[in-house]
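Order of listing sets the numbers, starting from 1, for every ligand and every atom in it.
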Amino acid sequence: MVEIKNRVANLKMFIDGEWKESETLETRPVINPANGEVISYAPEGTAADARVAIFAARRAFEEGVWSGITAQERASYLFKIADKIDEYTDELTQLETMDNGKTLREAGFDVGDAAACFRYYAGLITKPDGYTYHVADPMQAMVVREPVGVCGLIVPWNYPLLMSVWKIAPALAAGNTIVFKPSEVTPVTPKRLFEIFEEVGLPKGVANMVMGAGPVVGHEIASHPEVDLISFTGGTKTGKHIMKTAADTMKKVSLELGGKSPNIIFADADFETAVDYALFGIFAGSGQVCSAGSRILVEESIYDKFVERFVERAKQIKVGSGNDPSTEMGPLVSKEHLEKVLHYIEVGKQEGATIACGGNRIVGNGLDNGYFVEPTVFVDVKQEMRIVQEEIFGPVVVIQKFKDEEEAVKLANGTVYGLAGGVFTNDGAKGLRVIKKLRSGITWVNSYHPTYNEAPWGGYKQSGIGRSLGTFGLEEFQEIKQININLQVEPIGWFSN
Ligand SMILES: NC(=O)c1ccc[n+]([C@@H]2O[C@H](COP(=O)([O-])OP(=O)(O)OC[C@H]3O[C@@H](n4cnc5c(N)ncnc54)[C@H](O)[C@@H]3O)[C@@H](O)[C@H]2O)c1
Ligand SMILES: C[N+](C)(C)CC=O
C-alpha cells in the first residue's frame, strides 16, 4: 500500500514529453470516494497549458514522427503499451479503485480490457484498409485512409482508465497526435498510463495530457483551431456544448453520451437469469455506467414476482469500500455526485413513486466518510416522471410494467436517449423483433452489459454521434482521401485554343 500511495503523490501533466505543473502552480485535491481522504493533488491546468500541449501535438504531427512511421512500427509501440499494462495490472487495479471507488473486481476487468484494446488496434492498423473503384477509363480511382491530425480527447470519471484507452488506442494507431484531458475527478490511472507511454518511448509531443476543469482546459481543446477532431465521452449536456464549440472550427466530432437504457423482461424469459442480469445491469459500477439498465420493463403477468425477487436480491448486495474483496458495490465517485443521486431519490418521492427498497445514504460500519448509497428500487412510476426520463447515474432503478410487445417498445423508446437496451425472452424471433424496434446503438438478448473491442459502441438519439471500438472506432480517427490516377497522360482538348 505504501508503494501505491507513492504512485499517486505529485500528479503532473505530460506535455511535449515532460512532466509539468500547471503554469499557475495551482492544484486540486483528488479524493478517495470510499473514505473522503485526499489521496493526491492534481495540477489545475489552464487554457495556456492546453495551448502548449496543442502546439506540441501539432508540431509532432507535422514533423511526421508518428504519422510518418509505418503502421507496423506504431503497432509495436501499442503492443509494448499493452504488455506494460499487463505487467502493472495489480497496481493499476488498486489505483483505479482508489481513484474511482469501483470494486477491485470491476477495476481488474477494466485493466484487462485496456490492454486488450491496445492489442486490438495494434493488430487492426496493420490490416488492409483501402478501396479501389471501377470508374470511367482511363482513370484509376482509389481511397486511402489518413490520420486526421491533432485529436482532442476528453473523458469522464466512471471508467478513468478504460474510457481513456478507448480513445487513445485508435487515435494513436491511426497516426494522430493527441491532447488528452482526463476527468478532474479521476486523474490517477490516466497519469499512470502516460507514464507507460514515456516508458515505451513514444516520441515527444505525440501524446499529451492536460489536467484541469472542463470549462477551462476542455473548452480550450474543443475550440482551438489547431485541434482537428474532438472525441468526447461524458454527459449529454456537455456533449451539446462541445459540439457547438467545435462547430466554429468545423472539427470532426464524436460524442459518447448519457443514457437511460431499457431492460425488457418478457414472461417467457428464464426468470432467475433475467433477475440476475437486471441486477448486474443497474448495480454494476454503482449504476455509474453509461449503458446501465436503469429502466426495467417487466411483462405484467410476472411483474409482482419479479419485483419481489429483484428487491430481495438488491437488499443483499454488499456495499462497501472497493478495496475490500468481499464488496459487491462500491461508493459513488464524489460528494457532488452523491448529492445529485440523493436529490434524484427525493425527486422520485415527490413525484409520487414508491421506494421498494433503499433510498438512503449508507453510514455506519466505517462508511460514514464515503459516498455510499443503498441499491434503490422505484415502483409505481409513470413514464413522464423525471426519474424515468433523466439519467441519474447511480444505483437507482425504476421497474415499470407492460402488457404486450408494442407497449414494451413504446416505453423503451420513450426517452431522449438511445444508448443501450436488453431483451430477455426464450422466444428468439420475439427477441430479435423487439431489438430491431429499439432506437438504441448497443443491444443484448438474454444478456446485459458486455462490451467487445471488436464491436462498435455508441448511441442513437441524444446518446451520441459516432462509434467507439471495432473498425468503426478506428475510422472516427481517420480521414478518407480519394486518389484518381490518370492512366492516359495527354492533353484533354476541352478548349479549342
Ligand atoms: N456513451 C458512453 O460510452 C459513455 C461512457 C462513459 C460515460 N458516459 C457518460 O458520462 C457522464 C458522466 O461523466 P461526467 O460526469 O464526467 O461527464 P461530464 O460531461 O461532466 O464530463 C466529462 C468530461 O468533460 C469535461 N468537460 C466538462 N465541461 C466541459 C466543457 N464545457 N468543455 C469541454 N469539456 C468539458 C469534464 O472535465 C470531463 O473531463 C454520464 O452522462 C455518462 O452516461 C457515456
Ligand atoms: C462503455 N462502458 C460500459 C465501459 C462504460 C460506460 O460507462
Answer side chain, backbone, both or neither: which part of [X] comes under 4.0 Å from ligand 1, heavy atoms only.
X	result
Ile154	side chain
Glu256	both
Val185	neither
Lys237	neither
Tyr159	neither
Val155	backbone
His337	neither
Ala222	neither
Leu419	side chain

Specify the protein heavy atom at minimum distance from [atom]: its residue, its atom name, and the distance to 0.1 Å.
atom	result
atom 1 (C) of ligand 2	Trp166 CH2, 3.2 Å
atom 19 (O) of ligand 1	Thr238 OG1, 2.6 Å
atom 40 (C) of ligand 1	Glu391 OE1, 3.3 Å
atom 6 (C) of ligand 2	Cys290 SG, 2.3 Å

| query | Would Lys102 count as a cation-pi partner of Tyr159, with NZ or CZ less than 6.0 Å from the six-membered ring centre and within 45° of the ring normal? | reply | yes
| task | Provide the number and element of each atom of ligand 1 under 4.0 Å from a heavy atom of Ser183. | result | 39 (O)
| query | What part of Met163, side chain, backbone, both or neither, has a heavy atom within less than 4.0 angstrom of ligand 2? | reply | side chain
| task | Compare Glu184, His241, His219 and give the one whose heavy atom is closest to atom 31 (N) of ligand 1. | result | His241
| field | Atoms of ligand 2 close to Trp457 [distance to a heavy atom under 4.0 angstrom, numbered from 1] | value | 1 (C), 3 (C)
| request: Please identify which atoms of ligand 2 are closer than 4.0 Å to at least one heavy atom of Asn158. | output: 6 (C), 7 (O)
| message | Taking the six-membered ring for Trp, are Phe232 and His241 closer than 6.0 Å centroid to centroid? | response | no
With a 3.5 Å cut-off and no angle check, do the side chains of [X] and [Y] form a donor-acceptor pair?
X	Y	result
Ser468	Lys167	no
Thr189	Glu96	yes
Ser254	Ser231	yes
Glu374	Asn360	yes

| query | For atom 21 (O) of ligand 1, is the nearest protein heavy atom under 4.0 Å away? | reply | no
| query | Can a non-hydrogen atom of Trp166 be found less than 4.0 Å from any atom of ligand 1? | reply | no
| Flag if over 12 foreign heavy atoms under 6.0 Å of NZ, Lys410 | no
| query | Charged N to carboxylate O below 4.0 Å: is that the case for Asp228 and Arg58? | reply | yes
| said: Check Lys340 with Glu336, please: is the shortest side-chain N to carboxylate O separation under 4.0 Å? | reply: no
| request: Scan Arg51, Met13, Glu220, Lys20 and name whichever one has a side-chain contact (heavy atoms from CB on, under 4.5 Å) with Val210. | output: Met13
| request: Before giving the answer on side-chain contact (heavy atoms from CB on, under 4.5 Å), spell out for Gln389 and Glu384 the whole-Å C-alpha distance, their side-chain angles and the decisive distance to 0.1 Å. | output: CA-CA 7 Å; Gln389 292 293 323; Glu384 64 278 10; 5.6 Å; no
